[in-house]
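All residue numbers refer to positions in the sequence shown, counting from 1. Computed from heavy atoms alone, side chains included, the values below leave out hydrogens, waters and symmetry copies.
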Amino acid sequence: MVVTGTDTGVGKTVVTAAITAAAQAAGLRVAVVKPGQTGTAPGLPGDVDAVQRLAAPLTGRTLASYPDPLAPLTAARVAELEPLELYTAVDAVREEAEKHDLVLVEGAGGLLVPMGLRPSGEPWTVADLAVSLGAPVVVVARAGLGTLNHTALTLEALDRRAVPAGVVVGAWPTAPELVHWTNLSDLVPKLLGALPAGAGAMDPGVFRRSAPGWLTPALHGVLDDWRAWAEEIG
């Protein structure tokens, strides 16, 4: 399963951790793979480390890391490092799939961010990786103004590639306003979960116990009634 976002900073890493925690609570063996990590100096923790802290997946792997906070292909070029090749990423994910029940692949930025190069020298994206793996996609979206357009564009791009996809709200505000509630109503047909704002700062034990309640059964959670959820949150 590939986790992407409508943009950068929407909560992909925390959503990846929540799916990991819910799946492990359901008895699954989970691996998390980050094909391209950017904006992290050598020796400092990256996104996989954050998932490990919150959810402790059985396996966590980062395939390529670049210091500048740019798209992975651009970051590789700026740092004069080798870009990640598409089938290197595909093979790494399939290798983990042989040993785990679920492999979560966290992208970088949005769906069409250039991640690396194909053998032909052409750039590849998170969408290309999902197609190559035959994997469904979780789209992490914002709760506020502008999210409907960004989410619709991402879902349309996936639909054109025949990739099944659903949506998780990365950070539901503690004091939601009208725009948040109307966005939620419009997203419900595709909605697979919603995480509370600040979930990534929770105690890991609390996070793991809470995660199944943020996600629907499609993501190994227990959330099955959005109306009841809205009434409780409200």
Side-chain angles (χ1 to χ4, degrees), residues 1-5 10-37 40 45-65 72 84-108 111 115-116 126-140 158 163-170 191-196 199-224:
M1 180 177 289
V2 174
V3 181
T4 189
V10 293
K12 292 187 299 296
T13 299
V14 182
V15 169
T16 300
I19 300 171
T20 299
Q24 292 188 146
L28 277 64
R29 299 167 299 166
V30 182
V32 174
V33 176
K34 180 82 174 182
Q37 173 73 56
T40 302
D47 292 342
V48 168
D49 298 288
V51 175
Q52 289 277 18
R53 179 183 66 82
L54 288 169
L58 185 63
T59 301
R61 290 180 64 181
T62 301
L63 304 183
S65 185
L84 183 62
E85 201 271 319
L86 173 59
Y87 295 105
T88 298
V90 169
D91 289 346
V93 174
R94 288 179 173 163
E95 177 185 332
E96 297 305 331
E98 294 177 356
K99 299 177 287 186
H100 301 82
D101 303 306
L102 174 65
V103 182
L104 293 170
V105 184
E106 185 192 340
L111 182 68
M115 296 290 296
V126 173
D128 296 321
L129 181 59
V131 170
S132 297
L133 291 169
V137 171
V138 173
V139 177
V140 183
L158 288 165
V163 175
V167 178
V168 174
V169 174
L191 202 56
L192 301 179
L195 273 61
M202 286 182 174
D203 173 83
V206 174
F207 182 93
R208 293 170 201 172
R209 291 191 297 273
S210 302
W214 303 330
L215 304 169
T216 67
L219 295 180
H220 311 287
V222 298
L223 174 57
D224 60 3

Polar side-chain atom of K34 near backbone of G107 as donor-acceptor pair, under 3.5 Å: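 A pair under 3.5 Å: yes.
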Grab the two heavy atoms, one from [X] and one from [Y], that are nearest each other, plus how far apart they are.
X    : Y    : value
V139 : G5   : CG1-C, 4.4 Å
R208 : A56  : NH2-CB, 3.8 Å
A18  : L195 : CB-CD2, 4.0 Å
T40  : P45  : CG2-O, 3.5 Å
V90  : S132 : CG2-CB, 3.8 Å
D101 : G27  : OD2-O, 4.3 Å

From CA spacing to verdict: side chain to side chain contact (heavy atoms under 4.5 Å, CB included), E96, V33: CA-CA 9 Å; E96 297 305 331; V33 176; 4.1 Å; yes
With side chains defined as the heavy atoms from C-beta onward, is the minimum distance between [X] and [Y] less than 4.5 Å?
X    : Y    : value
L84  : P72  : no
L192 : L215 : no
V126 : M115 : yes
M202 : P196 : yes
L219 : W214 : no
L104 : E106 : no
R94  : L133 : yes

Stepwise side chain to side chain contact (heavy atoms under 4.5 Å, CB included) check, L102 with H220: CA-CA 11 Å; L102 174 65; H220 311 287; 4.1 Å; yes
Measure the [atom1]-[atom2] distance between [X] and [Y] for me, rounded to the nearest 0.5 Å.
X    : Y    : atom1 : atom2 : value
T62  : D49  : OG1   : CG    : 6.5 Å
H100 : E95  : NE2   : CD    : 10.0 Å
T20  : F207 : OG1   : CZ    : 8.0 Å

Steps toward side chain to side chain contact (heavy atoms under 4.5 Å, CB included) verdict (V30, L58): CA-CA 6 Å; V30 182; L58 185 63; 5.7 Å; no
Member of V140, V138, L111 meeting the side-chain contact (heavy atoms from CB on, under 4.5 Å) criterion with T4: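 Of V140, V138, L111, side-chain contact (heavy atoms from CB on, under 4.5 Å) with T4 is met by L111 alone.
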Residue of the set V131, V2, V163 for which side-chain contact (heavy atoms from CB on, under 4.5 Å) holds with L158: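 Single pass found, and it is V163.
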